[in-house]
Amino acid sequence: MNDIWWQTKGEGNCHLVLLHGWGLNAEVWDCITPELSSQFTLHLVDLPGFGRSAGFGALSLQEMTRLVLMKAPEKAIWLGWSLGGLVASLAALTAPKRVQALVTVASSPCFSAQADWPGIKPEVLSGFQQQLSEDFQRTVERFLALQTLGTESARQDARRLKSTVLALPMPTTEVLNGGLEILKTADLREPLTTLVMPFLRLYGHLDGLVPRKVVPLLDARWPNSQSYVFSKAAHAPFISHPTEFCQQLVALKQVIV
């Protein structure tokens with residue numbers, strides 16, 4: 001049976017599962033794990049098909065979430081960045097007693113733009129799918145560059161993301177297309193209204209993939225959740241603003257433990 005790569009580190013009295021975004025792997029958290037490992041027991045995961053979790057084809061959001069839940073601790077805070085935010089959100093909906101709190105980072109319950117909803121135009125996501133089969137590496141690099149656009153440290157942050165991808169074997173085109181399909185089709189806006197555990201949503205003001213216009217819409221739709229916007233961050237606030245990012249998580253832990 002194929003297995004998910006999973007690493008546990010840190011000695012904090014609270015478990016924290018960290019789920020990366022599309023095309024990447026758990027190495028992306030290297031900039032914050034030293035700071036967090038004194039506060040949390042960290043669970044670093046390569047999502048199925050990504051990084052060291054090879055041997056999986058394209059999966060649905062439900063299949064991906066089920067596989068991660070099988071290896072997860074009995075109780076933990078679940079944090080998901082971008083695509084990982086959808087996995088963490090579905091875990092909270094599927095196994096609410098095991099998720100002490102949900103944290104989504106630069107993530108949207110519905111990434112695709114709709115008539116009354118800001119997001120990525122579906123044709124842009126379809127374009128990425130098409131380009132993947134034509135020029136695999138260049139398409140991944142373009143997507144990574146979009147994630148840091150506009151920040152003061154954009155070039156440096158983009159280099160960090162690129163080196164994270166290149167440090168491990170690249171996911172297959174099938175897996176990358178499957179991830180884009182999830183981003184294109186998933187819509188958890190309504191299901192997440194039922195969540196009862198603490199729910200923290202973190203955003204970058206300059207994010208070109210998850211527009212800041214979603215923040216007040218979700219504040220109104222999910223009044224029990226809390227949102228925080230990093231004023232000078234884009235799609236990867238934990239890379240551009242690691243200290244401020246960790247402060248948010250430590251403050252959340254103090255509410256729970």
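Remember, predicted model here, so these are calculated numbers, not experimental data. Note that the numbering runs from 1 along the sequence shown for the chain.
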**Message:** Under the side chain to side chain donor-acceptor pair (under 3.5 Å) definition, can you give me all pairs with a residue in residues 243-257, not counting sequence neighbours?
**Reply:**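 For residues 243-257: Asn13-Lys253, Gln39-Lys253, Tyr228-Glu244.
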**Complete:** Applied to residues 98-125, the side chain to side chain donor-acceptor pair (under 3.5 Å) test, sequence neighbours excluded, yields Gln114-Arg189
Is it possible for you to say whether [X] and [Y] belong to one hydrophobic cluster, with membership spreading through side-chain heavy-atom contacts below 4.5 Å?
{"X": "Val165", "Y": "Leu83", "value": "yes"}
{"X": "Val214", "Y": "Val124", "value": "yes"}
{"X": "Trp29", "Y": "Leu166", "value": "no"}
{"X": "Leu132", "Y": "Leu168", "value": "no"}
{"X": "Val229", "Y": "Leu202", "value": "yes"}

Is there a side-chain contact between [X] and [Y] (heavy atoms, below 4.5 Å)?
{"X": "Leu79", "Y": "Leu19", "result": "no"}
{"X": "Thr139", "Y": "Gln137", "result": "no"}
{"X": "Pro211", "Y": "Ile120", "result": "no"}

Would you compute the distance between atom [atom1] of [X] and atom [atom2] of [Y] and round it to the nearest 0.5 angstrom?
{"X": "Ser82", "Y": "His20", "atom1": "OG", "atom2": "NE2", "value": "11.0 Å"}
{"X": "Ile182", "Y": "Gln62", "atom1": "CD1", "atom2": "CD", "value": "8.0 Å"}
{"X": "Leu249", "Y": "Leu18", "atom1": "CG", "atom2": "CG", "value": "8.0 Å"}
{"X": "His241", "Y": "Ile32", "atom1": "NE2", "atom2": "CD1", "value": "14.0 Å"}
{"X": "Leu218", "Y": "Thr193", "atom1": "CG", "atom2": "OG1", "value": "11.0 Å"}
{"X": "Ser240", "Y": "Lys232", "atom1": "OG", "atom2": "NZ", "value": "11.0 Å"}

Show me the donor-acceptor pairs, under 3.5 Å and distance only, between side chains in residues 170-181 and residues at least two apart or in other chains.
{"residue": "Thr172", "atom": "OG1", "partner": "Val175", "partner atom": "N", "Å": "3.1"}
{"residue": "Glu174", "atom": "OE2", "partner": "Ala58", "partner atom": "N", "Å": "3.2"}
{"residue": "Glu181", "atom": "OE1", "partner": "Gln129", "partner atom": "NE2", "Å": "3.1"}

**Asked** So Ile77 and Val17, side-chain contact (heavy atoms from CB on, under 4.5 Å) or not? Walk me through it.
**Response** CA-CA 6 Å; Ile77 296 172; Val17 176; over 6 Å; no
**Request:** Go through Lys97 and Glu74 one step at a time and tell me if the salt bridge (charged side-chain N to carboxylate O under 4.0 Å, His left out) criterion holds.
**Result:** CA-CA 9 Å; Lys97 291 191 171 147; Glu74 205 43 51; over 6 Å; no
Heavy atoms only: give me the nearest [X]-[Y] pair and the separation to one decimal.
{"X": "Glu63", "Y": "Ser60", "result": "OE1-N, 2.8 Å"}
{"X": "Pro198", "Y": "Ile256", "result": "CG-CG1, 4.4 Å"}
{"X": "Gly80", "Y": "Ala88", "result": "N-CB, 3.9 Å"}
{"X": "Leu209", "Y": "Asp207", "result": "N-OD1, 2.8 Å"}
{"X": "Ser89", "Y": "Gly85", "result": "OG-O, 2.7 Å"}
{"X": "Leu86", "Y": "Ala186", "result": "CD1-CB, 3.9 Å"}

**Message:** With side-chain contact (heavy atoms from CB on, under 4.5 Å) as the criterion, how do Ser126 and Lys184 come out once you've worked through the C-alpha distance, each side chain's angles and the decisive distance to 0.1 Å?
**Reply:** CA-CA 8 Å; Ser126 298; Lys184 200 163 79 174; 3.2 Å; yes
**Prompt:** Quick one: salt bridge (Lys or Arg N to Asp or Glu O under 4.0 Å) partners of Lys9, sequence neighbours excluded?
**Reply:**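 Once residues adjacent in sequence are excluded, Lys9 has no partner under the salt bridge (Lys or Arg N to Asp or Glu O under 4.0 Å) criterion.
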**Message:** Suppose we screen for salt bridge (Lys or Arg N to Asp or Glu O under 4.0 Å). Which residues come up paired with Asp219, at least two apart in sequence or across chains?
**Reply:**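 Salt bridge (Lys or Arg N to Asp or Glu O under 4.0 Å) check on Asp219 returns Arg201.
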**Asked** Salt bridge between Arg160 and Asp30, side-chain N to carboxylate O under 4.0 Å?
**Response**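 Judged by the 4.0 Å cut-off on N to carboxylate O distance, Arg160 and Asp30 do not form a salt bridge.
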**Fill in**
Across all chains, not counting sequence neighbours, the side chain to side chain donor-acceptor pair (under 3.5 Å) partners of Glu35 are none
**Prompt:** Of all residues at least two apart in sequence or in a different chain, which pass the side chain to side chain donor-acceptor pair (under 3.5 Å) check with Asn25?
**Reply:** none
**Request:** Run the numbers on Leu161 and Leu24 for side-chain contact (heavy atoms from CB on, under 4.5 Å), then give the verdict.
**Result:** CA-CA 8 Å; Leu161 285 176; Leu24 286 141; 4.0 Å; yes
**Request:** I would like to know whether Gln131 and Arg142 meet side-chain hydrogen bond (donor to acceptor under 3.5 Å, both in side chains); could you show each step before the answer?
**Result:** CA-CA 10 Å; Gln131 290 153 22; Arg142 274 187 59 221; 2.5 Å; yes
**Item:** Sequence neighbours excluded, every pair satisfying ring-ring contact (aromatic ring centres under 6.0 Å, His included) that has a member inside residues 55-99
**Value:** Trp81-His235, Trp81-Phe238
**Complete:** Quick note, ring-ring contact (aromatic ring centres under 6.0 Å, His included) partners involving residues 173-218, not counting sequence neighbours, are Phe199-Trp222
**Asked** With sequence neighbours excluded, what pairs up with Thr194 under the side chain to side chain contact (heavy atoms under 4.5 Å, CB included) test?
**Response** Leu93
**Prompt:** How would you list, by chain and number, every residue that makes a side chain to side chain contact (heavy atoms under 4.5 Å, CB included) with Ala154, sequence neighbours excluded?
**Reply:** Thr148, Thr151
**Prompt:** For the ring-ring contact (aromatic ring centres under 6.0 Å, His included) test, which of Phe111, Trp22, Phe143 pairs with Phe128?
**Reply:** Phe143
**Prompt:** Which one of Val28, Ile239, Leu144 satisfies the side-chain contact (heavy atoms from CB on, under 4.5 Å) criterion with Thr164?
**Reply:** Val28
For residues 40-50, which side-chain donor-acceptor pairs fall under 3.5 Å, sequence neighbours excluded?
{"residue": "Thr41", "atom": "OG1", "partner": "Gly12", "partner atom": "O", "Å": "2.8"}
{"residue": "His43", "atom": "ND1", "partner": "Trp6", "partner atom": "NE1", "Å": "3.0"}
{"residue": "His43", "atom": "NE2", "partner": "His15", "partner atom": "ND1", "Å": "2.8"}
{"residue": "Asp46", "atom": "OD1", "partner": "Ala26", "partner atom": "N", "Å": "2.7"}
{"residue": "Asp46", "atom": "OD1", "partner": "Arg52", "partner atom": "NH2", "Å": "3.4"}
{"residue": "Asp46", "atom": "OD2", "partner": "Arg52", "partner atom": "N", "Å": "2.6"}
{"residue": "Asp46", "atom": "OD2", "partner": "Arg52", "partner atom": "NE", "Å": "2.8"}
{"residue": "Asp46", "atom": "OD2", "partner": "Arg52", "partner atom": "NH2", "Å": "3.4"}

**Message:** If you apply the rule side-chain contact (heavy atoms from CB on, under 4.5 Å), what do you find for Lys71 with Val68, and how did you get there?
**Reply:** CA-CA 6 Å; Lys71 288 202 74 165; Val68 177; over 6 Å; no
**Neighbour count above 12 (heavy atom, 6.0 Å) for Arg155 CZ** =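 Counting neighbours around CZ of Arg155, 12 or fewer heavy atoms of other residues, nucleotides or ligands fall under 6.0 Å, so no.
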